[in-house]
Amino acid sequence: MLRTHTCGELRKPAVGQTVTVCGWVDTRRDYGGLLFIDLRDRYGKTQIVFDASEGANALALASTLRSEDVISVTGRVVARSDKDVNPKLSTGEIDVRAADLTILNKSKPVPFEPGTTNIPNEEMRLEYRFLDLRRPRLQELVQFRHKFTKLVRDYFDEHGFLDVETPMLGRSSPEGARDYLVPSRVHPGSFYALPQSPQIYKQILMVAGYDRYMQIARCFRDEDLRADRQPEFTQIDVEMAFVRREDIIRTIDGLVQVMMRQLKGKEIQLPLPQLTHREAMEKYGSDKPDLRFGMEIQDLAGEVANCGFGVFKNVLGSGGRVRGVCAAGAAPKYSRKDIDGLTEFVKEYKAQGLAFFRVTDTGLDSPIAKFFNPDEQQAIKAKFQANAGDLIFIVADKPKVTSAALGALRSRLGRELQLFNPEDVHVAWVLDFPLFNWNEEENRWDAEHHPFCDPVPEDVHFFETDPGQIRAQSYDMVVNGYEAASGSVRIHDPVVQQKVFDLLGISAEQAEERFSFLLQALRYGAPPHAGIALGLDRWVMLLTGCDNIRDVIAFPKTQRAMDLLSGAPSEVDAKQLRDLHIKIDEAAK
RNA sequence: GGCCUCGUAGCUCAGUUGGUUAGAGCGUCGGCCUGUCACGCCGAAGGUCACGGGUUCAAGUCCCGCCGAGGUCGCCA
């Protein structure tokens with residue numbers, strides 16, 4: 001070892017010892033005849049003192065030190081006098097008086113210093129990720145992530161789960177997200193796909209008798225990025241055999257309880273709250289509602305059915321809905337111009353417009369208030385249990401549009417009006433998603449989750465009559481408005497599986513071609529099984545209060561899926577392409 | 001692919017209704033300093049105002065395009 005101690009561990013009891021510490025020069029304070037260095041490593045900072053009496057050569061060399069030089073210092077640990085103690089440092093009661101200094105690696109002047117309070121833009125941070133990762137905040141996040149994954153592995157180990165690795169080079173399937181493809185050298189024209197998730201493999205593990213499986217699995221999806229989406233991300237992947245939905249929920253409830261206890265110091269009550277997909281869409285306009293605050297959506301069909309406002313009546317007459325939210329006390333906080341901004345905001349979600357009322361003692365105040373008689377105004381007020389000073393927003397549109405627009409508006413208002421404590425972590429289940437979604441563009445049914453998701457048994461008769469009514473035995477976990485986990489009971493009955501494929505328009509031949517290895521396995525003694533996957537990056541983000549997952553990934557990619565540190569993706573040699581039998585369409589560049 | 005925000009010194013930013021030689025803090029370089037801890041003081045260097053075009057007597061500022069970073073809609077079984 002080049003060191004006897006780290007920069008975070010020396011305390012008063014070490015006084016008198018001669019130690020060697022290594023690390024990065026964090027700050028220096030040079031007095032000519034006396035020089036201080038704060039030496040930093042991931043354990044903390046220790047102040048090194050150089051003066052002529054202890055080591056004249058070391059002092060001379062120390063005066064050449066600059067930020068981020070890597071050095072080794074040998075010296076005596078001494079106690080600081082009372083007036084010199086630095087209460088901001090855990091090591092602030094001692095100094096190391098340097099007798100010897102070795103510069104292990106001189107640093108070029110850094111584009112930014114890890115200790116800076118002016119955090120550079122992300123482009124700079126990603127290009128110099130090795131400097132960014134020295135920042136205390138990122139060091140904290142990296143260490144938190146380690147604790148998190150260790151806790152997860154321990155939890156599942158204690159519950160009898162086996163950690164099994166599944167292939168990264170797998171078979172492409174056209175469903176779902178775009179695949180990242182890997183060309184085969186040995187099979188010209190053929191490609192592997194990187195896994196979007198280990199879904200099929202973990203089901204096969206159930207068939208193979210490994211009835212409790214978990215894996216911290218890297219997944220790849222070639223879709224556009226978001227604050228909470230990276231092209232490669234990590235799932236806590238879980239599957240269990242001989243279980244019902246409730247067993248998965250209980251298992252994950254337990255995990256969340258342990259996580260909150262050990263990582264946040266919070267005791268939470270189990271079972272975690274559960275709501276149905278229908279309730280979530282009705283009350284919050286979203287299948288992943290932020291439940292840290294109320295402001296539930298209300299349906300105003302009854303209140304405005306006979307009003308004089310043509311827009312509302314027309315919408316109701318043509319199968320649409322009139323729904324709204326009430327922001328308590330918000331009327332004085334939103335000017336007409338602010339509300340115009342909100343109107344533009346809901347238009348992004350396809351809403352035609354945004355009606356609003358300022359609630360007064362006597363009724364409602366708004367450019368459109370005149371279309372509502374006093375009784376109707378009172379009825380609207382009563383529906384929201386509104387008080388003077390509240391601000392009511394109403395969207396009249398196609399049912400899906402009212403949900404999307406009001407759901408987004410509710411989230412925005414909740415944030416702007418600070419209706420929740422940003423420290424809160426609210427975890428809940430959303431159950432009974434529809435099994436299928438009608439795809440309007442392509443005029444066909446899509447699987448909401450995936451084609452192996454088991455329907456609720458009493459809904460199976462809807463296959464012939466009204467597939468949109470079929471509920472899935474699914475469960476999503478929502479945390480603060482994010483989808484933090486998603487799973488389902490899987491189909492283990494070939495007859496049901498065939499019905500699903502039929503409805504999705506996947507012929508027996510196609511199914512056989514794409515999923516033969518799973519379907520094959522299901523014919524050789526498949527136990528009832530169910531599983532779930534938790535988004536590890538998102539969980540770490542939420543538990544640490546970050547607002548994007550790049551900060552909890554050591555080497556993330558930009559919105560255009562570039563790694564600015566390495567320069568990936570990059571062009572490759574002509575020889576590599578030849579080996580892979582690939583020709584580039586130069587026109588496409 | 002659409003919409004929105006941003007891009008000025010190595011970094012973080014300021015820069016007025018378009019108007020003289022584009023500024024500050026930190027960092028860098030030189031000097032002084034024996035108890036600081038974001039040390040202090042004196043001095044200096046450092047700019048393709050992302051890039052390209054346009055309007056104008058005059059553009060960091062206005063317009064168009066484009067590149068990059070971020071947010072978001074679509075997309076993400």
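To find a chain, count down the sequence lines: A is the first, B the second, and so on, and within it residues start at 1.
The partner of B:rC41 is B:rG31, by the rule that a Watson-Crick or G-U pair needs both atom distances under 3.5 Å. Checking B:rU36 for Watson-Crick or G-U wobble geometry (two distances, each under 3.5 Å) identifies no partner in any strand. Within the shown strands, nothing qualifies as a pairing partner of B:rU20 under the Watson-Crick or G-U definition with both distances less than 3.5 Å. Base pairing of B:rC3: its partner is B:rG71, meeting the Watson-Crick or G-U wobble criterion (both donor-acceptor distances under 3.5 Å). Within the shown strands, B:rG25 is the pairing partner of B:rC11 under the Watson-Crick or G-U definition, both distances less than 3.5 Å. Across the strands present, B:rG65 finds its partner in B:rC51; the criterion is a Watson-Crick or G-U wobble pair with both atom distances under 3.5 angstrom. Under the Watson-Crick and G-U wobble criteria, each requiring two contacts below 3.5 Å, nucleotide B:rA58 is left unpaired.
Proximity note for A:Glu113 (side chain, C-beta onward) versus B:rA38, B:rG27, B:rA69: the nearest is B:rG27. The listed nucleotides are B:rG70, B:rG35, B:rG10; the one nearest the side chain of A:Leu126 is B:rG70. The nucleotide whose nearest atom lies closest to any side-chain atom of A:Arg80 is, among B:rG68, B:rC37, B:rC76, B:rC37. Distance from the side chain of A:Ala177 is smallest for B:rC76 among the nucleotides B:rC76, B:rG10, B:rU72. Ranking B:rC73, B:rC76, B:rU34 by closeness to the A:Arg226 side chain, first place goes to B:rC73. Of the candidates B:rC33, B:rG70, B:rC76, B:rC33 carries the atom nearest the A:Asp30 side chain, counting heavy atoms from C-beta on.
No hydrogens or angles were tested; on distance alone, nothing pairs the side chain of A:Arg221 with the base of B:rC76 as donor and acceptor under 3.5 Å. If you check distances only, the side chain of A:Asp224 does reach the base of B:rG74 with a donor-acceptor pair under 3.5 Å. For B:rG71, the base has no donor-acceptor partner in the side chain of A:Asn548 [N/O atoms by modelled type, under 3.5 angstrom]. No hydrogens or angles were tested; on distance alone, nothing pairs the side chain of A:Arg29 with the base of B:rC33 as donor and acceptor under 3.5 Å. Donor-acceptor pairing under 3.5 Å, judged by distance alone, is absent between the side chain of A:Arg560 and the base of B:rC67.
Judged as a salt bridge (Lys or Arg N to Asp or Glu O under 4.0 Å), the pairs with a partner in residues 401-415 of chain A (not counting sequence neighbours) are, in order, A:Arg412-A:Glu416.
Side-chain contact check for A:Asp476 and A:Ser486: at least one donor-acceptor pair (N or O, by modelled atom type) lies under 3.5 Å. For A:Arg514 and A:Ser516, the side-chain atoms include no donor-acceptor pair closer than 3.5 Å. Using a 3.5 Å distance cut-off with no hydrogens or angles, the side chains of A:Asp459 and A:Gln469 do not pair a donor with an acceptor. Judged by distance alone, the side chains of A:Asp51 and A:Ser53 do bring a donor and an acceptor atom under 3.5 Å apart.
Put simply, CG on A:Asp537 is 20 Å from P on B:rC76, counting in whole angstrom units.
In this pair, A:His450 and A:Phe452 present their aromatic rings tilted. The plane angle is within the 30 to 60° band. Below 30°, between 30° and 60°, or above 60°: for A:Trp445 and A:Trp438 the angle between ring planes is above 60°, a perpendicular geometry.
Here A:Tyr31 does not lie in a stacked arrangement on the base of B:rU34, lacking the combination of planes under 30° and ring centres under 5.5 Å apart.
Note on A:Lys350: only backbone sugar-phosphate atoms sit closer than 4.0 angstrom, heavy atoms only; bases stay farther off. Residue A:Tyr349 is in sugar-phosphate contact alone, with no base atom involved, counting any heavy-atom pair closer than 4.0 Å across all strands shown. If you check every strand for non-hydrogen atoms under 4.0 Å, A:Gln47 touches a base. Base engagement by A:Pro451 is indicated by at least one non-hydrogen atom pair under 4.0 Å involving a base atom. Backbone-only contact: A:Ile119 has heavy atoms under 4.0 Å from sugar-phosphate atoms and none from a base. Using a 4.0 Å heavy-atom distance criterion, A:Glu448 is classed as a sugar-phosphate-only contact. Residue-level contact check: A:Asn86 touches the bases, meaning some heavy atom is under 4.0 Å from a base atom.
Distance check on atom C1': B:rC4 versus B:rU8 gives 22 Å, rounded to whole Å. Separation of the P atoms belonging to B:rG10 and B:rC67 is 25 Å when rounded to the nearest angstrom. Atom name C1', nucleotides B:rA58 and B:rU20: the rounded distance is 12 Å, in whole Å. One C1' atom belongs to B:rG31, the other to B:rA50, and the distance between them is 37 Å to the nearest Å. Distance check on atom C1': B:rC62 versus B:rG25 gives 31 Å, rounded to whole Å. Separation of the C1' atoms belonging to B:rG19 and B:rG60 is 13 Å when rounded to the nearest angstrom. Using atom P as the reference point in both B:rC39 and B:rU28, the two lie 11 Å apart (nearest Å). Atom C1' of B:rU36 sits at a distance of 15 Å from the matching atom of B:rC41, rounded to the whole Å.
In this structure, A:Ser81 and A:Lys88 both approach RNA chain B, and ranking their closest nucleotides by distance from the 5' end singles out A:Ser81.
Regarding contacts with the backbone of B:rG71, a side-chain N or O of A:Gln559 is found under 4.0 angstrom from either OP1 or OP2. A:Asn118 has no side-chain polar atom (N or O) that falls below the 4.0 Å cut-off from OP1 or OP2 of B:rG25. The phosphate of B:rC29 has OP1 or OP2 within less than 4.0 Å of a side-chain N or O from A:Arg66. For B:rG10, neither phosphate oxygen OP1 nor OP2 lies less than 4.0 angstrom from any side-chain nitrogen or oxygen of A:Lys108. Proximity of A:Thr27 to the phosphate of B:rC39: a side-chain N or O atom is located under 4.0 Å from OP1 or OP2. Between A:Arg550 and the phosphate of B:rG71, there is a side-chain N or O to OP1/OP2 separation shorter than 4.0 Å. Taking only side-chain nitrogens and oxygens, A:Arg28 comes nearer than 4.0 Å to OP1 or OP2 of B:rU28.
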Apply salt bridge (charged side-chain N to carboxylate O under 4.0 Å, His left out) to the pair A:Arg292 and A:Asp290, showing each step before the final yes or no. CA-CA 6 Å; A:Arg292 287 175 295 180; A:Asp290 189 339; 2.7 Å; yes

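Under the ring-ring contact (aromatic ring centres under 6.0 Å, His included) criterion, A:Phe112 pairs with no residue, sequence neighbours left out.
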